[in-house]
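Quick notes on the structure that follows.
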Amino acid sequence: MLVSAKDMLTKARAGGYAVGQFNINNLEWTKAVLLTAQECNSPVILGVSEGAGKYMCGYKTVVGMVKGMIDELGITVPVALHLDHGSYEGAYKVIEAGFSSVMFDGSHYAIDENIEKTKEIIAAARAKGMSIEAEVGAIGGEEDGVVGSGEVADPAECKMIADLGVDMLAAGIGNIHGKYPENWAGLNFDVLAKVQEVTNGMPLVLHGGTGIPEDMIKKAISLGVSKINVNTECQLSFAAAVREYIEAGKDQQGKGFDPRKLLAPGFEAIKATVKEKMELFGSVGKA
Ligand code: 13P
C-alpha cells in the first residue's frame with residue numbers, strides 16, 4: 001500500500017535517522033528500490049521528477065506500476081510515491097493521479113507567491129491524505145531541467161513556509177544536484193541548525209545526496225535532516241555495471257543480448273547503492 005511520508009518522517013526525526021528518497025526512472029529502477037527496501041526492512045520514498053514522469057508515460061502509469069509491484073512482489077514496508085521538484089501544474093496532476101506525497105517547489109517565485117501557491121497545494125493534497133514538501137532557497141545544479149542557483153535559504157522565510165503546515169521542508173544549505181565540484185564549500189550547518197530551530201523540529205530534507213561525505217550526512221541528520229534524496233548515484237552505478245557487461249562482450253555470448261540479461265547488472269548495482277545508503281542513513285530495520 002502507498003502511504004503518505006508524514007509518519008515515516010516523524011518517526012525518523014524522533015529516532016535520529018533519515019529515510020532515503022530514491023528517484024526512479026523505469027521498471028528496473030522501481031523494482032530494485034522496492035526489493036531493497038523490503039530486504040532492509042526500511043521505509044522508502046520513491047521520487048519521480050516531472051521529466052521521469054513524462055518518460056514513464058505519465059503519472060497514472062507510474063501509480064499503476066508502483067501499486068502493481070507492491071502487490072505482486074509482496075512489499076510490506078511503508079512506501080511513499082512522491083513528486084520531486086513539482087511545478088504548480090505538476091503538483092495538481094499527481095494529486096489527481098494517486099501519488100501519496102508531493103513536493104511543490106516554489107523556490108523560484110518571490111516568497112509571497114511561494115507562500116500563496118504552497119498554501120493552495122497543501123489544501124488540495126491534504127484532501128487526499130497526501131504529505132507535502134516545500135522548498136526555500138535553492139538546490140544548486142540541474143536536475144531534469146530544474147536549474148537552481150544554490151541560494152542558501154533564509155531561516156525567516158523557512159519559518160513562514162513551515163508554519164503553513166507542510167510536513168517536510170527542503171532548505172538550500174549549499175547542496176547541489178549531481179556531482180559536487182572539487183572546490184565545493186560543503187554544507188552550511190549554521191543555517192541548517194537555525195532552520196531546524198525556527199521550524200520547531202520539522203523534518204528537513206537534504207537534496208543532492210549524491211557524493212556528500214558520510215560525516216556530513218551524519219551531522220545533517222543530527223541537526224534535523226530526516227529525508228535524503230539520492231538520484232545521480234544510482235544512475236552512475238547502473239551505467240558503470242551495464243558498461244562493464246557490454247565491454248566484457250557478454251551481450252554477444254549466448255542470449256546475453258536479452259534485455260533481461262543486459263540490464264540485470266545495472267539492476268543489481270542500483271540495489272547495492274540503495275542498500276549502502278539505507279545503512280548510512282540509519283533506516284534499516286525501521287519499517
Ligand atoms: P542527486 O542527483 O545529487 O543525488 O540529487 C537528488 C535529488 O536531490 C532529487 O531531488
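When a ligand or atom number is given, it counts from 1 through the structure's own listing order. Hydrogens, waters and symmetry mates are skipped; everything else that's a heavy atom, side chains included, is used. Not measured: the values here are computed from a predicted model.
Within 6.0 Å of CD in E268 there are more than 12 heavy atoms belonging to other residues, nucleotides or ligands. The neighbour count for K194 NZ, taken as heavy atoms of other residues, nucleotides or ligands under 6.0 Å away, does not exceed 12.
A side-chain hydrogen bond (donor to acceptor under 3.5 Å, both in side chains) with E133 is found for one member of H85, Q21, H207 and no other, namely H207.
Ring geometry, Y92 versus Y88: the interplanar angle exceeds 60°, so the pair is classed perpendicular (tilted spans 30 to 60°).
With ring centers used as reference points, F22 lies 6.0 Å or more from W29.
Protein neighbours of ligand 1 below 4.0 Å, counting non-hydrogen atoms: N23, D84, H85, E143, I176, H177, G178, H207, G208, G209, T210, N229, V230, N231, T232.
A cation-pi arrangement is not found for K117 relative to F104, the charged atom failing to lie both closer than 6.0 Å to the ring centre and inside a 45° cone about the ring normal.
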